[in-house]
J.: 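Take a look at the following structure, please.
All chains are named by letter (A, B, ...) in the order of the sequence lines, taking the proteins before the strands, and each is independently numbered beginning at 1.
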Number of protein chains: 2
Amino acid sequence: MDNPLVRKLQRFARLSAGDKQALNEAARLNVRRIGPREDIIREGESPDQVNLILSGWACRYKQLEDGRRQIIAFFLPGDLCDTHVFVMREMDHSIGTLSAVTVAEIGRDTLTAITEQHPRVTQALWWEMLVATAVQREWTVNIGQRTATERLGHLFCELFLRMRAVDLTDGTSCELPITQVDLADALGLSNVHVNRVLQELRANGLVTLRGRLLTIPDLPALKAASLFNPNYLHLDHIGRHLDANEE
Amino acid sequence: MDNPLVRKLQRFARLSAGDKQALNEAARLNVRRIGPREDIIREGESPDQVNLILSGWACRYKQLEDGRRQIIAFFLPGDLCDTHVFVMREMDHSIGTLSAVTVAEIGRDTLTAITEQHPRVTQALWWEMLVATAVQREWTVNIGQRTATERLGHLFCELFLRMRAVDLTDGTSCELPITQVDLADALGLSNVHVNRVLQELRANGLVTLRGRLLTIPDLPALKAASLFNPNYLHLDHIGRHLDANEE
DNA sequence: CGCTACGTTGAGTGGCATCAAGCGCGGTGG
DNA sequence: CCACCGCGCTTGATGCCACTCAACGTAGCG
């Protein structure tokens, strides 16, 4: 069984069996289980490996001196936490789990070896990284311009599509193993207001959320209500220059 | 005279004379002058070169269907606009000028040639790109968590330090060739409120802003008032692994 | 069976938006 | 040279969206 990173990447690059094998093996070497609400890496540290989420959700976050917390990004299965870690002196933010999580630690040398021997993987990892930064840009737009209702709906659309990209949706549903406080910290809203907006979305039949299961019965409707345009996820990519250059 | 990109990069990597020459020459090939408030690249396009700002300010922005505009990033002299352009199918946002601007277009082949022959430049460009994404993350925090006053002060701190990194400050002052509307669109505020917050900062002696000149008489004070921590700009970097690996 | 975490609800407040009008200045054309 | 115009800045009045504070319900868990 391919790990979720491979599942995601092969939607966008034509990975060979060898490519996939290399990635799968690298992700089996150092697997850790971590409980919910624990830090994986703290601001100021200088880790020497990247973390690949295999199951569960984590997040990037920053905390201001007075305690305010902003969640900067959600990490879903198949996401690489900190590709940049080999260049920067030290982390300018922290990474922590939201739910219980299993991560594969991939060392610097392992990753270098893979990219040197598998150019398609290199290309795919570039794509993965650039999509992550595109998501970051969209979050800026989301928090800066959209109303609370649009914001939450937009986030749900994004999370659902990202979960679908790693085959973790079931029809119109997917898991959402995080709290309303987490949603609030990601959206720059208070938890109280997230709760109210959530009820509004429910009342309008746009989402249902029971337990930790998110259901979007009518995705186009939610997209429309949230001014959601999926282009920033670049889901339609099959190696633009890759195909032109090779074969 | 080195171009502003070289000035910026050599603070963080030990560029050889040849490294600098290659970058300077590449930036002299196709120089364009563009007036204020024009688009350089529009959402949906697939350009085949990167744009290096030589003078003036530009921005990344997205516009929602109903007209709301979010400025996602400011481009100052020395900034590369769209490093990712070679991997993605098409732009998910637009790039436009704010003031009058001169840009150097650097073609895909030119850039590839440089990075293949100049590993230090490759490393430095990595750093440049990763700092840009770190800035993007900080903007998420800024808009999501900080009050309007902190937000504006924080932005001023960032812009001043970035201008200083390309030697474009004069003591405690630097140019700020943009309007209050631009600031508002970058911060997720209304222009009216930006105006009022600006007056507050002025009244507190934290900034003066006359014409297009920004002055920060007491940078530590403004930092403190804005909860500004410069670590995300990674200004203290001198090639972490670079130094370890070579020489 | 109490504890804790999460979700929900109400009341009151305030930060920031919106609308609207006026000001100052540089550019332009008569 | 001056009237005019447009853009950016400023100010006031008003209102709403979302925050804060506070309490209570509920479910999982030791």
J.: Write down the distance between CZ (R196(A)) and C1' (dG7(C)), rounded to a whole number of angstrom.
T.: 12 Å

J.: To the nearest angstrom, how far is N191(A) atom CG from dT9(C) atom C1'?
T.: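 Distance, rounded to whole Å: 12 Å.
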
J.: Distance check needed: dC6(C) C1' versus L98(A) CG, whole Å only.
T.: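 Roughly 15 Å, once rounded to whole Å.
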
J.: Name the residue from R69(A), K62(A), R68(A) that meets the salt bridge (Lys or Arg N to Asp or Glu O under 4.0 Å) definition with D185(A).
T.: R69(A)

J.: Can you check the I143(A) CD1 to dC19(D) C1' distance for me, whole Å?
T.: 16 Å

J.: Can Q136(B) and Q136(A) be counted as having a side-chain donor-acceptor contact under 3.5 angstrom?
T.: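 There is no such pair (donor and acceptor under 3.5 Å, judged by atom type) between the side chains of Q136(B) and Q136(A).
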
J.: Of the nucleotides dT11(D), dC19(D), dT9(C), which has the atom closest to the Q199(B) side chain?
T.: dT11(D)

J.: Kindly say whether the aromatic ring centers of Y232(B) and W139(B) come within a distance under 6.0 Å.
T.: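 Between Y232(B) and W139(B), the centre distance exceeds or equals 6.0 Å.
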
J.: G188(A) near the nucleic acid: base, sugar-phosphate alone, or nothing, with a heavy-atom cut-off under 4.0 Å?
T.: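 Counting heavy atoms under 4.0 Å across all strands, the contact made by G188(A) is with sugar-phosphate only.
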
J.: Less than 3.5 Å apart, any donor N or O on the side chain of S55(B) or T102(B) sitting next to an acceptor on the other?
T.: yes

J.: Please work out if S190(A) contacts a base, only the sugar-phosphate, or nothing of the nucleic acid, heavy-atom cut-off 4.0 Å.
T.: base

J.: CD of E150(B) versus C1' of dG15(C): gap in Å, rounded?
T.: 13 Å

J.: Does R37(A) reach a base, just sugar-phosphate, or nothing at all? Heavy atoms under 4.0 Å.
T.: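 Touches sugar-phosphate only.
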
J.: To the nearest angstrom, how far is N195(B) atom CG from dC23(C) atom P?
T.: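 So the two atoms are 16 Å apart, to the nearest Å.
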
J.: Between atom CZ in R202(B) and atom P in dC9(D), what is the gap in whole Å?
T.: 9 Å

J.: Expressed in angstrom and rounded to an integer, what is the separation of D185(A) atom CG from dC6(C) atom P?
T.: 12 Å

